[in-house]
4 protein chains.
Amino acid sequence: MEKAITISTLARREREKLQRRSDILEAAEELFDEKGFESATIEEIARRTELSKGTIYLYFKSKDELLLAVCIKGIAGFREELEEAARRKRGLESKIKAVYLSYIEFFLEVPHVFRVLHDTFTERLRRNLSQDAINLINWTIIEAVRFGSAFVQQGIDSGLFRRDVDPYAFSVAAWQLATALLDLAILSDPGVIDRDSLEKMFSKSIEILVDGLKCGAPPEEKSSGQKASGRSGTRS
Amino acid sequence: MEKAITISTLARREREKLQRRSDILEAAEELFDEKGFESATIEEIARRTELSKGTIYLYFKSKDELLLAVCIKGIAGFREELEEAARRKRGLESKIKAVYLSYIEFFLEVPHVFRVLHDTFTERLRRNLSQDAINLINWTIIEAVRFGSAFVQQGIDSGLFRRDVDPYAFSVAAWQLATALLDLAILSDPGVIDRDSLEKMFSKSIEILVDGLKCGAPPEEKSSGQKASGRSGTRS
Amino acid sequence: MEKAITISTLARREREKLQRRSDILEAAEELFDEKGFESATIEEIARRTELSKGTIYLYFKSKDELLLAVCIKGIAGFREELEEAARRKRGLESKIKAVYLSYIEFFLEVPHVFRVLHDTFTERLRRNLSQDAINLINWTIIEAVRFGSAFVQQGIDSGLFRRDVDPYAFSVAAWQLATALLDLAILSDPGVIDRDSLEKMFSKSIEILVDGLKCGAPPEEKSSGQKASGRSGTRS
Amino acid sequence: MEKAITISTLARREREKLQRRSDILEAAEELFDEKGFESATIEEIARRTELSKGTIYLYFKSKDELLLAVCIKGIAGFREELEEAARRKRGLESKIKAVYLSYIEFFLEVPHVFRVLHDTFTERLRRNLSQDAINLINWTIIEAVRFGSAFVQQGIDSGLFRRDVDPYAFSVAAWQLATALLDLAILSDPGVIDRDSLEKMFSKSIEILVDGLKCGAPPEEKSSGQKASGRSGTRS
DNA sequence: CATGAATGAGACTTCATTCAT
DNA sequence: TATGAATGAAGTCTCATTCAT
């Protein structure tokens, strides 16, 4: 009898624990986003989750660990998403656009996490994470950038794109542009830009970039190729 | 004895006061950038300026006020700089590129200030400023974006640029791209991108954008113009 | 189903309970010794006994109660040990030495308990015990000291020992010396003293004390007897 | 004028700071002694010194640092005291007794410090100090023990003392006995021993030890000398 | 004006203890 | 009985701000 109770009880408890952890994580995401990591308080997270301060520490060893958990949750599945987007499309141009847009969509769904991750990547909060954690975040993003740059390289090789562009640098720029638009979208203070325009900007921006990549090609090129070569290959 | 204080003494004192204020501001810029506003301490600013903590409060009423002063200093002269850049060039395309690059150059010279301003604009630190201060910052930047969009509008009107682009949105995107590149340049973690590539990215990025603006134009357009119209005009 | 619980089951349960209590006690001894009472945590005791935190409270009402139990366990059988040691020997000198050494041996076997008891007696942790508990500990030790002093008194009365010694005070000193050596033995930082020397010190120390008690006797004594008289008799 | 004020002001401020530091130290001594390091709170130290919590941290970086300061203050001048005591006396026996008694007197004047030091040395609190600090304390005490053992060695060499005693071990025992008596004296719970008897015990105890050292000498010695030799010499 | 000692609110974190299961 | 999640009081430490000199 006790066993019967136990098994289902354990399962429920386990689920509750997971739920609670998830609740805390969500509250932390929001608060870190709203106030920034430093200004956010465990007290407030406890209040929002309707738990006690001590309970938070049952699920996360420290405030820093909580930040780390938010970040890790943020990048989980990120790379797969990009790859899936590329896989679904035929054609270099389509793939590039799809990757670009899927990056935006991915983070648009977890705007708080995006902000926290962005802050962390922007070194502001870097101090609070272990080197391993920082490496994980950096690595994930840089690899994603490289993933995109491979397509650009293919476009150049096949003569579709202008040769005077560094594929990696282009990829970085595209990533930064997407990031910037995300920032804008999430702030989305209507005083600056409205939602409607944003949506258009998402697709238009990559369209313009890719168009620039294509048609701006100089008729002749002598010395511009070397700087791009190998870029999307090995980098430390 | 006190009466011996001459006009020149007063002048010197005045100069010293100004200098001191400027020193504090500079130290604050750096520290806010390095550690973020919350983690920066008045103690450290005092140490760096070789003044006492109390003295800081003689020049700035509070830590928040100090942040405001850093921001205001940051945007002072910003608009003039852009206008001067546009004035120096002939031709729409050149003007647009010049404005874009002058934005980058302007903030590249005060990277600390840029970061603080960016953070502040990105709402992270918004809480710490009065509404007036926030409005000032927002306004300055938005006006600059509009200043740029006017040229784009001219390009569209003259048939130089594709019609399916919202000039304001384009301007926002360009601004965000420039901002993102600045971010990148200032972080400039060689693991992500090297200085050399950056410099090229500055000019290349606007080149691609403008190229995209030009050559991507669809042969015929029926319904795309209306959404953009009036954009660069009245907005709250 | 419940009725199926037999006497032997009860006995087993009883044994298990006792065992569990004993396990907890042992873990507490070690931990209180290792980290001191304040720094030891119930959490850690639970971990070491492989029980849950709640279970500890099933066996001991509070952390303080646990300390008390450790102390009581420590002094249980202590007095009997000393008396047995004295009984086994013939001759005053041998009895004194035997009691002294048996004190050392007794606690050498439970070093953790010794340390906890010593700390408690040394008032450091006194606050955490009820007055009754404190009295019990004090009483046990003081009675042991008096037990030893009786032999010294006999030695003085029989002319074997010098008359200018207060038997009670001597006994206290011997006890403290033994205690100090135990402390040393248990710390046994080889940088201070090695094990080998310690063993010798145990026997040598009491030898020297007793030798001093014997041969240092002044040829004549006029005024030394009064201060010692009645000492080993009535004391609160 | 300002200068004149300044100099004397500075001096006074300096004195006040020193006084305040000393006040805090004294309060800490007492409290660490009364409750033990762990149970003592900065709050309470602040209350006793009539300062605010924050002010304590102006004078000591942390609670641990405060403990260290108490310890360092405790051993400052300790060695000199022992040497001075030895210098004042003629004759080996007198010197040994003087050193022994001066050890007791030294710490009897700062009972709180003694307790804290003793606890720290007894490893209970060792965790809280840096290795350097621990080494300093250990070193000071061990050197003092060696200082005493040198006299014992001289006594053995000159035939005054029995040969079957390890001078270093004897010295350790004497130190531990003195320590134990100090412990007793400071507790001085009249239920255990009264002040009066204590005073006598201080001198009597060393008298007995030295007497034992002298007269217990076996008429002939064959194999006991080797273990003692070199002891007071080099030890790590 | 300049100083820097003092303050005290408030942050993070720990842990004895309780209690529903 | 046993569990371990939850609690919240309490402790250490930081830092913006004030104020007497």
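These figures come from a predicted structure and were not determined experimentally. So you know, we letter chains A, B, ... as the sequences are listed, proteins then strands, and number each from 1.
Between the CD atom of A:Glu43 and the C1' atom of F:dT7 there is a distance of 13 Å, given to the nearest Å. Distance D:Asp23 CG to E:dA5 P: 16 Å, rounded to the nearest Å. Look at CD1 on D:Ile24: it is 14 Å from P on F:dC13, rounded to the nearest Å. Computed from coordinates, the C:Glu38 CD to E:dT14 C1' distance equals 13 Å when rounded to whole Å. What separates CD of D:Glu16 from P of E:dA5 is a distance of 11 Å, to the nearest Å. Rounding to whole angstrom units, CD1 of residue B:Ile42 and C1' of E:dT7 are separated by 16 Å. Per the geometry, CZ belonging to D:Phe37 stands 14 Å off P belonging to F:dG11, to the nearest Å. The interatomic distance linking A:Phe60 (CZ) with E:dC12 (P) rounds to 15 Å, in whole Å.
If you find the closest nucleotide of DNA chain E to A:Tyr57 and to C:Asp64, the one lying nearer the 5' end belongs to A:Tyr57. Nucleotides of DNA chain F nearest to C:Glu50 and A:Glu50 differ in position, and the one nearer the 5' end is that of C:Glu50. Mapping D:Ile56 and A:Leu58 onto DNA chain E via the closest heavy atom, the residue that lands nearer the 5' end is D:Ile56.
With sequence neighbours excluded, the residues satisfying salt bridge (Lys or Arg N to Asp or Glu O under 4.0 Å) with A:Glu43 are A:Arg47, A:Lys53. Under the rule for a ring pair (Phe, Tyr, Trp, His ring centres under 6.0 Å), the partners of C:Phe114 that lie at least two apart in sequence or sit in another chain are C:Phe107, C:His118. Listed by chain and number, the residues in a salt bridge (Lys or Arg N to Asp or Glu O under 4.0 Å) with C:Arg21 amount to none (sequence neighbours excluded).
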Pick out the pairs of N or O atoms, protein on one side and nucleotides 8-10 of chain F on the other, that lie under 3.5 Å.
none

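Counting any heavy atom pair closer than 4.0 Å across all strands shown, D:Tyr59 reaches sugar-phosphate atoms only and no base atom. Within 4.0 Å (heavy atoms only), D:Ala40 reaches sugar-phosphate atoms of the nucleic acid but no base atom.
A:Phe37 is not listed as a side-chain neighbour of A:Leu31, based on a closest heavy-atom distance of 4.5 Å or more. Contact of the A:Arg115 side chain with the A:Phe32 side chain is not registered, since no non-hydrogen atoms from C-beta on lie closer than 4.5 Å. A 4.5 Å side-chain heavy-atom check between C:Asp132 and C:Leu136 finds every atom pair outside the cut-off.
Environment of CD in B:Glu50: sparse, with no more than 12 heavy atoms of neighbouring residues, nucleotides or ligands closer than 6.0 Å.
Residues from residues 25-33 of chain D placing a heavy atom under 4.0 Å of any atom in DNA chain E do not occur.
With hydrogens and angles disregarded, no donor-acceptor distance shorter than 3.5 Å links the side chain of B:Lys73 to the backbone of B:Val113. Side-chain atoms of A:Thr49 come within 3.5 Å of backbone atoms of A:Ile45 as a donor-acceptor pair (strictly under, hydrogens ignored). In this structure, A:Ser39 contributes its side chain and A:Gly36 its backbone to no donor-acceptor pair below 3.5 Å.
In the set F:dA2, E:dT17, F:dT17, the nucleotide with an atom closest to the side chain of C:Ser62 is E:dT17.
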A correct dot-bracket answer for DNA chain F, with pairs being Watson-Crick or G-U at under 3.5 Å, [ ] for crossing pairs and | for inter-strand pairs, is .||||||||||||||||||||
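Within the 4.0 Å cut-off from OP1 or OP2 of E:dT3, not a single side-chain nitrogen or oxygen of D:Arg13 is found. The phosphate of E:dT13 (OP1 or OP2) has no side-chain N or O of A:Lys63 nearer than 4.0 angstrom. Under 4.0 angstrom from either OP1 or OP2 of E:dA6 there lies at least one side-chain N or O belonging to D:Arg20.
Minimum heavy-atom separation, D:Tyr57 to D:Ser62: CE2-CA, 4.0 Å.
Rounded to the nearest 0.5 Å, atoms OH (B:Tyr59) and CG (B:Asp23) are 9.5 Å apart.
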